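Comments concern the structure below.
Letters go in sequence order (proteins before strands), and every chain restarts at 1. Every value quoted in this text rests on a predicted model; they were computed, and no experiment measured them.
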2 protein chains.
Amino acid sequence: MAITIIDIAKMCGVGVTTVSRAINNHPDINEETKAMIMQVIKENHYVPNNSARNLKRAASKTIAVLIKGITNAFFNRMIQVFEKEIQTKKYSFILQRVDENQDEIEVAIELVKEKRLKGIVFLGGNFLHPKEKLDQLTVPFVLSTIGMTEEFDPDEYSYVAVDDYKESYKMVDYLCGLGHKQIAIITAPMDDVSIGKLRYEGYKKALEDHGVELNDRLVLCMKEDIESYSMENGYVVTKELLQSEEEFTAIYAVSDSMAIGACKALVEGGKRVPEDYSVAGFDGVDISFYYNPSITTIRQPVEEIAEETIRILFDMIHKKVTHAHKIFPAELIVRESTRLLT
Amino acid sequence: MAITIIDIAKMCGVGVTTVSRAINNHPDINEETKAMIMQVIKENHYVPNNSARNLKRAASKTIAVLIKGITNAFFNRMIQVFEKEIQTKKYSFILQRVDENQDEIEVAIELVKEKRLKGIVFLGGNFLHPKEKLDQLTVPFVLSTIGMTEEFDPDEYSYVAVDDYKESYKMVDYLCGLGHKQIAIITAPMDDVSIGKLRYEGYKKALEDHGVELNDRLVLCMKEDIESYSMENGYVVTKELLQSEEEFTAIYAVSDSMAIGACKALVEGGKRVPEDYSVAGFDGVDISFYYNPSITTIRQPVEEIAEETIRILFDMIHKKVTHAHKIFPAELIVRESTRLLT
DNA sequence: TTGTAGGCGTTATCAT
DNA sequence: ATGATAACGCCTACAA
């Protein structure tokens, strides 16, 4: 049906090997025959079949980035950096989205076989997998911006991220320093084990250190049936808070998007930010700057994280290291959405 | 090296065919042997090699969505719908990002061979390709939310989108009706041939119909070196407008993101929206609702567009039609960012 | 119900 | 510099 390398070989009156050499820029080939072959290929729109290639090839210089869930602004920037860095290393780059309820390891294992991957980057999610399963993953991989809970054995994993616990503490500490004592938090449901949990723990500790007692009614959890960490989630949850008539002076949302949803709910309720309520976010995505008022947030050093991720991955590929880790500091950016309580 | 179907067959003391039958849920197989085989497969973590499968398989029930450029909020929602609809049809779904400076047709052709695709959806971009090239694309495809300029021959393409020209006209007509005469537009550079151009044409026509003369200095083009249609682009361009001291009363940005960037620039310049300047966007993405002030925009019926795209694609796959087109009406949503000029 | 063998399109190993 | 041929791992007639 479709045209193959054999057809091209026949048309050119050469062997398939020669055609293959032409395609793959092998050295052992006469420049003229090569040019001739390429010409015929062009004229006949021959396109090599990747499946056949992958099947035969022992290895290919490609690395895959698996991204869990919906692509968001935060990941978009990282992906750009990944792509650039990987291309610089003369590798090719596959971006694979893995569904929320899909097992990223399964996908990874399959992909390694199919594409003969050299390495993998896992982006987002919580990444809880039995060791037995991970052992099937025969290529180096790095966890990037995945919440690092205690369970993570540094000898088993390579990762680069920020210290969600510490950075979250930093934000709440700042809020307390502003005089806030009734600080609502919007975070993941309590069964979460990833960044949601870590950031919540940071919140708890900061309150404790400032001698303010935790008020359960100010601990707000995202709705499971709404996209997680989304503006809508922050919006809905804040509406409920307002209705509950529980008193508070600040809202700390565990993502910028939710912080924006919170602002919207507040404004719709006739409140002003920051005059009536302070609002803070986390991540430092673009919109936190563009929003009105601009959102006080914790900015993750996205570019650095992405670059370091690739650096570590290639170190592993080249056997320079077996595992490596890097925790980047994040930056508290004070903007218009928070104010000193007087 | 890796474990194959032959290994499994040996371990089970059966032929490869039987193993293959077990894997692929073929009917002609004893339930017990099947169970036994599956057990061995599980124990040994055998994962079939997709390349080999695709190579052999004549056809596979999979359709691919190619998305040009960066994933944005607008596409995210559509992708969700695509995935749902495609799964309902018992097809599998591949999401392939294609780089800004990559040829989507090339990618598509390769993918068809590699994955034995049944159909393709092209999302975004301008899609200008010589007919000769398109003829190599041997499977049905639908263009979704791609600017439909005059060059598009309805007999050659299937597409579903909104009428960018008309909807853009609608917005500017509305702005004029509010009494605005000096309406700046932020759009694509003049060499653009896609939605940027169409929306700009709608703007021109609306001005003309309202008897207001086009002021070149109010036609603002996105910067090529900044991500297109982004908040940053709207922000930078608006800053320049402010500095030029050209008079205007409204800004119409050809995307919601740019409208938000414009708002930010205005606010930073000490102006109020909409008291001092009205601002309008296009697309109707979430953030246009959540922004403060909420943004007057043209809402594209994303879900319907996505659903219709899939419907048409499957009609083509099933040979019910050779080509089909659908233009959806979009909705003018009046919100807080625009006001009557008095 | 089960097994054997040929072929999918390429690349790599040898010869030549 | 070039070509024949054997894999790569799987599926599917066809045979048993």
Side-chain angles (χ1 to χ4, degrees), chain A residues 1-38 40-41 44-62 92 109-117 138, chain B residues 1-38 40-41 44-62 109-117 136 138:
Chain A
M1 160 111 204
I3 183 168
T4 79
I5 197 174
I6 300 180
D7 301 320
I8 298 292
K10 280 180 188 154
M11 298 169 103
C12 296
V14 302
V16 287
T17 316
T18 310
V19 178
S20 178
R21 286 198 180 97
I23 298 172
N24 299 291
N25 280 99
H26 272 270
D28 288 347
I29 187 174
N30 183 305
E31 275 305 322
E32 286 174 29
T33 48
K34 175 171 174 178
M36 183 267 276
I37 291 171
M38 292 313 276
V40 175
I41 286 179
N44 294 79
H45 311 300
Y46 163 67
V47 179
N49 182 317
N50 264 324
S51 292
R53 290 184 131 169
N54 291 329
L55 183 56
K56 181 59 197 175
R57 266 207 264 264
S60 76
K61 290 173 68 168
T62 113
S92 51
I109 292 170
E110 213 166 308
L111 220 48
V112 169
K113 292 210 177 189
E114 180 176 343
K115 305 279 192 179
R116 316 283 178 174
L117 297 184
T138 51
Chain B
M1 157 111 203
I3 183 167
T4 80
I5 196 174
I6 299 179
D7 301 320
I8 298 293
K10 281 181 188 154
M11 298 171 102
C12 297
V14 302
V16 286
T17 318
T18 311
V19 178
S20 178
R21 285 198 180 99
I23 298 172
N24 299 292
N25 281 98
H26 273 271
D28 287 348
I29 186 173
N30 182 305
E31 275 305 322
E32 285 175 30
T33 48
K34 175 170 174 178
M36 183 267 276
I37 291 171
M38 293 312 277
V40 174
I41 286 179
N44 295 79
H45 312 299
Y46 164 67
V47 179
N49 181 317
N50 265 322
S51 293
R53 288 184 136 168
N54 292 328
L55 182 56
K56 182 62 197 178
R57 269 207 265 263
S60 76
K61 291 174 66 169
T62 114
I109 292 171
E110 211 166 310
L111 220 47
V112 170
K113 291 210 178 186
E114 180 176 343
K115 303 281 191 179
R116 316 285 178 176
L117 297 183
Q136 299 170 51
T138 51

Residue pair [X] / [Y]: nearest heavy atoms and the distance that separates them:
| X | Y | answer |
| --- | --- | --- |
| A:Met36 | A:Cys12 | CE-O, 3.7 Å |
| A:Ala59 | A:Arg116 | CA-CB, 4.0 Å |
| A:Val19 | A:Ile41 | CG1-CD1, 4.4 Å |

Any A:Ser20 side-chain nitrogen or oxygen under 4.0 Å from OP1 or OP2 of C:dT10: no
Distance test, side-chain N/O of B:Arg53 to OP1/OP2 of D:dC11, below 4.0 Å: yes
Nearest-angstrom distance from the residue atom [atom1] of [X] to [atom2] of [N]:
| X | N | atom1 | atom2 | answer |
| --- | --- | --- | --- | --- |
| B:Asn25 | D:dC11 | CG | C1' | 15 Å |
| B:Glu31 | C:dT2 | CD | C1' | 15 Å |
| A:Lys115 | D:dC8 | NZ | C1' | 16 Å |
| A:Ile29 | C:dT11 | CD1 | C1' | 14 Å |
| B:Asn54 | D:dC8 | CG | P | 19 Å |
| A:Asn44 | C:dG9 | CG | C1' | 17 Å |
| B:Lys113 | C:dG9 | NZ | C1' | 10 Å |
| A:Arg57 | D:dA7 | CZ | C1' | 16 Å |

To the nearest 0.5 Å, what is the distance between [atom1] on [X] and [atom2] on [Y]?
| X | Y | atom1 | atom2 | answer |
| --- | --- | --- | --- | --- |
| B:Glu110 | A:Asn50 | CD | CG | 4.5 Å |
| B:Lys115 | B:Arg57 | NZ | CZ | 10.5 Å |
| A:Leu55 | A:Glu114 | CG | CD | 10.5 Å |

Closest-nucleotide 5' rank along DNA chain C - winner of B:Thr18 and A:Val16: B:Thr18
Residue whose closest nucleotide on DNA chain C lies nearer the 5' end, B:Asn30 versus A:Ile23: B:Asn30
Check: C:dT2 base within 3.5 Å donor-acceptor of B:Arg21 side chain: yes
In terms of side-chain heavy atoms of [X], which of [options] is nearest?
| X | options | result |
| --- | --- | --- |
| B:His26 | C:dT10, D:dT12, D:dC10 | D:dT12 |
| A:Asp28 | C:dG9, D:dT2, C:dT10 | D:dT2 |
| A:Thr17 | C:dT1, C:dT10, D:dT5 | D:dT5 |
| B:Asn24 | D:dC11, D:dA1, C:dT2 | D:dC11 |
| B:Val14 | C:dG9, D:dG9, C:dG3 | C:dG3 |
| A:Lys56 | C:dT1, D:dT2, D:dC8 | D:dC8 |

DNA chain C contacts made by residues 4-13 of chain A, counting heavy atoms under 4.0 Å: A:Thr4, A:Ile5
side-chain contact (heavy atoms from CB on, under 4.5 Å) between A:Tyr46 and A:Ile5, intermediate numbers included: CA-CA 8 Å; A:Tyr46 163 67; A:Ile5 197 174; 3.6 Å; yes
For residues 22-30 of chain B, please give each side-chain donor-acceptor pair under 3.5 Å, one per line with the distance, not counting sequence neighbours.
unit_1, atom_1, unit_2, atom_2, d
B:Asn24, OD1, B:Arg53, NH2, 3.1
B:Asn24, ND2, B:Ser20, O, 2.8
B:Asn24, ND2, B:Ser20, OG, 3.3
B:Asn30, OD1, B:Glu32, N, 2.6

Sugar-phosphate only, base, or nothing, as touched by B:Ser51 at under 4.0 Å among non-hydrogen atoms: nothing
